[in-house]
Amino acid sequence: MHFAGNHKYYVYASCILAAISAFIALVPFYDMWRIIKEVLEVRPNFNEAIHIKSYGWHAVLFALLAMVFYIAALMCSHKAAFRVQATMRTKMMEHIMKLPLGYVESQGSGKIRKIVMESSATTETFLAHNVPDKVVSKATPIGLLIMMAIFDWRLGLMSLIPAIIAFVLMFTAMMGPKMAEDMKQYQNALETMSSEAVEYVRGVPVVKTFGQTIFSFKRFKEAIDEYEKWTLDYTKSMMKPMVCFTTFANGIFAALIIAAYLFAGNTITDQFILNLFFYILITSILTTTLMKVAYAGESQMLVEDALNRMNSIMNVQPLPESKQIQVPSDASIDLENVSFTYQDASTKAIDNLSMHIKAGEHIALVGPSGGGKTTVASLISRFWDVNEGSIKIGHVDVKDIEQKELMNQVSYVFQDSRLLKMSILENIRMSRPEASDEEVIQALKDAQCQDIIDKFPDGVHTVIGSKGVYVSGGESQRLSIARAFLKNAPILILDEATAFADPDNEVLVQKAFEKLAKDKTVVMIAHRLSAITNADCIYVLENGHIVESGKHEELLETKGVYEHMWHQYNQSVKWKVQKGDEE
Ligand code: ADP
C-alpha cells in the first residue's frame, strides 16, 4: 500500500467488487434449488412446472453478473498492481542511484537486477489476482452461513466440517511459520543455483580447455544438490497433508450423504431431499474457495519473501549528504590517517594511511595483489566513505563535495571498461551527455581509437555488441580512455589493465594515457613497472599500509620491496624477450 499511492483506492474498489461478485455467484444456486423444488412439487405432472424457464434465465443472468463484477474487480486490481510494480521499480532504482557505488559493485548487477525486476513482479501477481481471490474466499463462507439459516442448518453444518478440517490442515501443514521459513530457503537455494549457473556458463571455456566436467564446478554441483534436496524434502513433507487437504476439500458431498443417513431417519420428506440437493450442489463452491485460499496463501508467502528482499536494498543507507557543500579549489588529493574496513570483513583493507598528492602530480600505486590499491582509488572517488581519517580533494573533504561535482573532478578508467549495447558515439558521450558529435570524435582520436572506427563500415555509429561487432579487451580500454578524454576531469584514476598486453595495443594505450595525463593529477594503479619510472612518487602498498614511497631511483637505492619487485619484473620481461628470440 505504501507503494500504491492514490492507486490504493483501486485496491479497495477491487475488494468491494470481488465481495459483491462472491455474493451474486450464490444466487444461481438458489435458482437451482427453486427448480428442483418445483419439479418435486408438481411430479408426476411435469408440464405444470411453468417457472423452470424463468428460474433458469434468472440463474444465467446472475452468473453473468457475478462474472462482470469479478472482471471489474480484476481490472481495478490490475491497474493498482501494475502501478505498484512500476513505483517499486522506480523507487528502488532511485534509491540504488544514491547508494555507495562500492555497494552496487560488490553486490553484483545480476543480483540487484533480479531483486528489482523479479521481486516486484511477484507483488504484481499477488495484488492483481490473489487479493481479490482472498476477498472472494472470505465473502463466500459468509454468504453460505446466511444461506444456512434459510435452509437446513444441520446439513449446512455438516458440509462445513470437512471444509474446516481442510482449512486446519492447510494452515498447520502448508502455511505456518515453518513453511514460510522453508519458502525462504527454497528461494535462497534457487538464487544460489542461478548465480552459480551464471558462473558456470562464464567458466565454460575453462571447462572445455581443460577437458573438465561439471563436477569440477564444485559450488555449482553443491548448489544443485542443495536445491534437489530441498525440493525432494519439501515434496515428501507435503505429500500427506496435500493428499488429505485435496480429499477433504473435494469430499464435502460425502459428509453430506453420511449426514443425510443420520438426520433423515425413517421419514424422508421432499423438503429434506431438496435441501440435500442444494448443499451437494453448493459444495463445489466451497471446494473452489478452499483451493483459492491455498494458492493465495502460497503467493502471500512468496510476496513477503520478495518484500524482504526488496527491503534488503531499501534499508542500505545512502552516503550522507553534507550540509556545508564546498567546491574544491584545485586538483590536489590528501589522505589523512585513513582507515577502512569492508563490511563483513575482519581486517582493515586500509590501515592508517596518509598520502599527499599535489595538483598535477603523477603518482603510482604498486604492490602485491590485495595490498589495497583498488581500495585507495575507490575511496578517493567516494565509492565508500572512510571509517577513520579524511580524504580531501582540493582541500575540501570529499564528503562535503556534491556528488555531481565530485564526478566532474574525477575520471576513473576501470580495468574492465563497461561498454553498453549502443553506438560507439553514444558510449563515449555517456561521460559528458551534452558533448557534440565533433567533440566525441576528437576524444576518440585523442584516445588513439581511429583504427577501431575505421575497422567498421558504420564508423562511430557502429553498435557495440551487435552482430559481427567485436572489440578486443585492449580496444575497449582505449574506448574508455576516450570517455575520460571527453570528460576531461582534472583528476584521473587509472586502473592499468594487464590482461590485454599485445604489443601494438600497448603502444597505443600508452600513447593515449600519456596525452590524457598531461596537466592532470594522476593516480595510477600500475602493474607494468616500466610504465611508472617517471612518476613523481611511487607508493608501495602491502596489507593496507604504505611500506615504501619515493621516486623510482630513490626506491631502487633503498633496496627494499620495490627493488625486489623491479628485479622480478625485469626478469620476467627478459624471459619473455629471450623466449621470443628462441622462437
Ligand atoms: P589490490 O587492488 O591491491 O589488489 P584491494 O584494494 O582490491 O587490493 O583489496 C584490499 C583488501 O580488501 C583485500 O584483502 C581484499 O580481499 C579486500 N577487499 C577488496 N574488495 C572487497 C570487497 N568488496 N568486500 C570485502 N573485501 C574486499
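As the structure lists them, so they are numbered: ligands from 1, and atoms in each ligand from 1.
- Considering backbone and side-chain N/O atoms, Thr374 comes within less than 3.5 Å of an N/O atom of ligand 1.
- Heavy-atom contacts of Thr375 reach the following atoms of ligand 1: 5 (P), 6 (O), 9 (O), 10 (C) (cutoff under 4.0 Å).
- Set against the non-hydrogen atoms of Ala349, the atoms of ligand 1 under 4.0 Å away are 11 (C), 12 (O).
- Here the OG1-CH2 distance, from Thr235 to Trp230, works out to 8.0 Å after rounding to the nearest 0.5 Å.
- Residue-ligand proximity: Ser369 is placed with a non-hydrogen atom under 4.0 Å from ligand 1.
- Residue nearest to atom 27 (C) of ligand 1, selected from Tyr103, Phe383, Tyr342, Trp384: Tyr342 (by heavy-atom distance).
- In this structure, the ring of His552 has its center less than 6.0 angstrom from the ring center of Tyr562.
- For atom 10 (C) of ligand 1, the nearest protein heavy atom is under 4.0 Å away.
- Using a cut-off of 4.0 Å between Lys/Arg side-chain N and Asp/Glu carboxylate O, Arg478 and Asp451 are scored as salt-bridged.
- Close approach to Gly371 involves these atoms of ligand 1, each under 4.0 Å from a residue heavy atom: 1 (P), 3 (O), 8 (O).
- If you take CD on Gln317 and NE2 on His95, they are separated by 7.0 Å, rounding to the nearest 0.5 Å.
- Note that CG of Leu365 and CD1 of Ile525 are 6.0 Å apart. Values are rounded to the nearest 0.5 Å.
- With salt bridges taken as basic N to acidic carboxylate O contacts below 4.0 Å, one links Asp305 and Arg309.
- Distance check, rounded to the nearest 0.5 Å: CG of Leu555 to CH2 of Trp566 gives 11.5 Å.
- Here CE of Met355 is found 11.0 Å from CG of Asp334. Values are rounded to the nearest 0.5 Å.
- Residue, atom and distance of the protein heavy atom nearest to atom 8 (O) of ligand 1 are Gly372 N, 3.1 Å.
- In this structure, the protein non-hydrogen atom closest to atom 1 (P) of ligand 1 is Gly370 N, 3.4 Å.
- Using a 4.0 Å heavy-atom cutoff, Ala345 is absent from the residues neighbouring ligand 1.
- Distance check on atom 16 (O) of ligand 1: every protein heavy atom falls at or beyond the 4.0 Å cut-off.
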